[in-house]
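The next block holds one structure in the form of structure tokens; read it before the comments.
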Amino acid sequence: MITVRAGLVGDVLPATVVNELKPSVDAFIAKLPPAIPLQPPARSKKAQKAAAVVPLMLFVMATILMIQLQSFQRLFLVVAVAPLGLIGVVAALVPSGAPLGFVAILGVLALIGILIRNSMILIVQIEDLVAEGQDRWEAVSKRPSTACGRSR
């Protein structure tokens with residue numbers, strides 16, 4: 001049994017290395033006798049399966065948000081806030097030179113989830129204040145502690 005492992009140095013991403021080495025590995029595999037069993041790397045297969053689920057996940061999330069917000073206009077307003085979080089991600093990753101790896105992508109997904117949740121709560125709160133008769137500008141600029149009926 002031969003296991004090949006490597007550590008990457010610098011700004012090189014694992015997917016880039018795999019793509020560059022694929023022709024050499026395929027040529028090596030072609031030279032092997034057919035009796036030798038090969039096991040492809042598990043991580044790449046898992047990543048492909050996970051990537052196939054992403055569109056379904058996005059559709060389910062949009063459906064749940066639509067049910068909660070009960071309006072396409074509110075849904076688009078809430079989802080429009082998500083890309084704004086990428087400004088901070090880029091501002092942090094570019095100066096540090098850190099690659100957008102798996103952990104960074106998980107952090108971005110968590111950040112987007114928090115942004116969507118908070119913007120959804122804020123939009124519903126503003127609409128409730130407008131429904132109570134407040135001016136739109138007052139409802140938007142009101143501090144959250146007094147807008148929820150609590151005083152300091």
Side-chain angles (χ1 to χ4, degrees), residues 2-26 28-29 38-132 134-150 152:
I2 299 174
T3 302
V4 178
R5 295 180 189 223
L8 301 177
V9 179
D11 295 339
V12 181
L13 296 176
T16 306
V17 174
V18 169
N19 290 336
E20 288 179 7
L21 292 177
K22 186 164 178 34
S24 301
V25 172
D26 289 341
F28 175 75
I29 291 172
L38 297 174
Q39 182 180 3
R43 288 183 182 171
S44 63
K45 289 205 179 232
K46 287 179 183 177
Q48 289 173 352
K49 287 180 183 179
V53 177
V54 170
L56 177 63
M57 177 194 67
L58 292 174
F59 175 75
V60 169
M61 284 175 42
T63 303
I64 291 171
L65 278 172
M66 181 63 200
I67 290 169
Q68 287 180 336
L69 295 171
Q70 300 174 352
S71 167
F72 279 115
Q73 182 180 9
R74 291 183 204 155
L75 173 67
F76 290 127
L77 188 59
V78 166
V79 173
V81 173
L84 297 176
L86 295 178
I87 295 170
V89 172
V90 170
L93 289 179
V94 169
S96 68
L100 187 64
F102 179 73
V103 175
I105 291 172
L106 280 178
V108 169
L109 290 175
L111 174 66
I112 288 173
I114 292 168
L115 287 173
I116 287 176
R117 184 198 64 175
N118 289 348
S119 61
M120 186 175 78
I121 292 169
L122 185 61
I123 287 171
V124 170
Q125 180 181 352
I126 290 169
E127 288 184 353
D128 287 347
L129 291 172
V130 169
E132 290 175 4
Q134 283 193 5
D135 180 52
R136 287 192 179 274
W137 183 253
E138 274 288 317
V140 170
S141 62
K142 197 120 180 130
R143 289 194 329 233
S145 61
T146 58
C148 293
R150 295 184 299 241
R152 289 188 181 233

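Nothing here was measured: the structure is a model prediction, and the numbers come from that model. For the numbers below, each heavy atom of this structure counts, side chains included, while hydrogens, waters and symmetry mates do not.
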**Study point:** For the student: nearest non-hydrogen atoms of Ala139 and Val130, plus distance
**Key:** CB-CG2, 3.8 Å
Point to revise | Residues that Asp26 engages under salt bridge (Lys or Arg N to Asp or Glu O under 4.0 Å), provided they are two or more places apart | key: Lys22
Output a table of donor-acceptor pairs, distance under 3.5 Å, between side-chain atoms of residues 60-68 and any protein atom two or more places apart or on a different chain; print 'none' if there are none.
{"from": "Thr63", "atom 1": "OG1", "to": "Phe59", "atom 2": "O", "distance (Å)": "2.8"}

Point to revise | Contact list for residues 89-98, test salt bridge (Lys or Arg N to Asp or Glu O under 4.0 Å), sequence neighbours left out | key: none
For residues 72-90, run the donor-acceptor check on the side chains, cut-off 3.5 Å, and write out each pair with its distance to 0.1 Å, sequence neighbours left out.
{"from": "Arg74", "atom 1": "NE", "to": "Glu127", "atom 2": "OE1", "distance (Å)": "2.6"}
{"from": "Arg74", "atom 1": "NE", "to": "Glu127", "atom 2": "OE2", "distance (Å)": "3.1"}
{"from": "Arg74", "atom 1": "NH1", "to": "Leu69", "atom 2": "O", "distance (Å)": "2.5"}
{"from": "Arg74", "atom 1": "NH2", "to": "Glu127", "atom 2": "OE1", "distance (Å)": "2.9"}

Donor-acceptor pairs are to be reported for all side-chain atoms of residues 95-122 against protein atoms at under 3.5 Å, with residues two or more places apart or in another chain.
{"from": "Ser96", "atom 1": "OG", "to": "Ala92", "atom 2": "O", "distance (Å)": "3.0"}
{"from": "Ser96", "atom 1": "OG", "to": "Leu93", "atom 2": "O", "distance (Å)": "3.1"}
{"from": "Ser96", "atom 1": "OG", "to": "Ala98", "atom 2": "N", "distance (Å)": "3.4"}
{"from": "Ser119", "atom 1": "OG", "to": "Leu115", "atom 2": "O", "distance (Å)": "2.9"}
{"from": "Ser119", "atom 1": "OG", "to": "Ile116", "atom 2": "O", "distance (Å)": "3.0"}

Practice item. For residues 101-110, pull every pair meeting side-chain hydrogen bond (donor to acceptor under 3.5 Å, both in side chains), keeping only residues two or more places apart or in separate chains. Key: none
